[in-house]
Amino acid sequence: MELAAHAVWLGRRRSAGRVEREDGVVTPAGPGAVRADLEQVFRTAYPRVVAVAARVLGSRDEAEDVAQEVFLTFCRSSVPAGESAGWLSVAAAHTALNHLRSGRRRASREEAAGEPRNALSPDVADTVVAIEERRRVRAALARLPRKQAIALVLRHSGLSYTEVAAALDLSPGSVGTTVRRAESALRKELNRHASSH
């Protein structure tokens, strides 16, 4: 959802009631209600949410769809704004992995992968190989245990060890081990899948 569209959407829904608890958590007061902190959280976190989802999906358009789902879920949540960055990053990775695993986007990915074959370019073979390799990596990522896959995606999306630890409720010292195990599992999955074809 682009920022301008979000502003219109938010403007229509601002009149809805909301409840702010003593701990500062803002929650919607009823169906159709909007969090008072949604606009600020959206403006701050949207680029990162899209980047995390795009890292998994390889498509900005699909990543923006995932971001919309994530922010709608956040809107209905009671996650404090101060904890939203980690929560939103994990939610983006989860939702994007769910899209990969469910295959809802398979047809559009296959169609997009087929387009370069018809392009008149001296690098057609390189393009096709690169697209196929990215598809294989994404498929292998979708087969990893969820916590490993999310740790890998978050770390390679630019989050620090501290941010990954906070987002996944891990100790900062264990993030490096978790990411290395995830990378090893991804390599094994890629090799196993390659040898089965």
Side-chain angles (χ1 to χ4, degrees), residues 1-14 16 18 24-28 33-102 104-105 108-109 112-113 130-131 133-135 137-138 141-142 144 146-170 172 175-176 178-179 182-183 186:
M1 178 184 298
E2 291 188 24
L3 203 51
H6 168 72
V8 170
W9 174 74
L10 186 61
R12 286 189 203 134
R13 300 185 67 183
R14 270 192 196 262
R18 52 196 147 272
V25 175
V26 178
T27 57
V34 174
R35 296 172 58 125
D37 58 0
L38 178 61
E39 184 172 6
Q40 180 58 39
V41 170
F42 179 86
R43 288 179 184 277
T44 304
Y46 182 79
R48 178 175 273 179
V49 169
V50 171
V52 168
R55 174 79 62 179
V56 174
L57 297 168
S59 163
R60 177 149 177 106
D61 290 340
E62 289 182 44
E64 287 176 349
D65 291 345
V66 165
Q68 183 174 357
E69 287 180 44
V70 167
F71 278 101
L72 287 172
T73 302
F74 175 75
C75 186
R76 294 186 296 265
S77 78
S78 60
V79 175
E83 297 172 17
S84 64
W87 186 93
L88 288 164
S89 294
V90 170
H94 272 289
T95 305
L97 285 167
N98 286 343
H99 278 253
L100 277 181
R101 288 180 175 153
S102 71
R104 280 188 263 174
R105 308 288 182 178
S108 65
R109 285 194 309 273
I131 289 170
E133 185 63 21
R134 285 192 299 268
R135 186 199 60 74
V137 170
R138 287 188 178 91
L141 182 66
L144 291 182
R146 187 168 288 273
K147 194 166 209 166
Q148 283 185 354
I150 290 173
L152 192 59
V153 168
L154 294 179
R155 183 64 184 132
H156 286 275
S157 293
L159 274 70
S160 69
Y161 277 34
T162 304
E163 291 170 317
V164 173
L168 293 176
D169 198 26
L170 297 171
V175 171
T178 303
V179 169
E183 289 169 340
L186 183 63

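All heavy atoms count here, side chains included; hydrogens, waters and symmetry mates do not.
Nearest heavy atom pair, residue Arg146 against residue Asn98, reads NH2-OD1, 2.6 Å. Minimum heavy-atom separation, Val41 to Ser84: CG1-OG, 3.6 Å. Listed here is the closest heavy atom pair of Ala63 and Leu57: N-CD1, 4.1 Å. Between Val153 and Ser157, the shortest heavy-atom contact is O-OG, 2.7 Å. Of all non-hydrogen atoms in Val52 and Ser89, the two that sit nearest each other are CG1-O, 3.7 Å. Scanning all heavy atoms of the two residues, the minimum distance from Ala54 to Arg138 falls at O-NH2, 4.2 Å.
Taking CG of Asp65 as the start and CD of Glu62 as the end, the distance is 7.5 Å to the nearest 0.5 Å. Rounded to the nearest 0.5 angstrom, Leu88 CG and Glu83 CD are separated by 11.5 Å. Here His156 contributes atom NE2 and Glu183 contributes atom CD; the two are 4.0 Å apart, rounded to the nearest 0.5 Å.
At least one side-chain heavy atom of Leu144 sits less than 4.5 Å from a side-chain heavy atom of Leu141. Counting heavy atoms from C-beta on, the side chains of Lys147 and Asp169 never come closer than 4.5 Å. Between Thr178 and Leu168, every side-chain heavy-atom pair lies at or beyond the 4.5 Å cut-off. For the pair Gln68 and Tyr46, the minimum side-chain heavy-atom distance is 4.5 Å or more.
Between the Arg35 side chain and the Ser77 main chain, a donor and an acceptor come within less than 3.5 Å of each other. Remark: the backbone N or O of Gly58 is not paired with any side-chain donor or acceptor of Arg134 at under 3.5 angstrom.
The pair Arg48-Glu163 counts as a salt bridge, with a side-chain nitrogen and a carboxylate oxygen less than 4.0 angstrom apart.
Between Phe71 and Phe74, the ring planes are perpendicular. Angles over 60° get that label, and only those under 30° would be called parallel.
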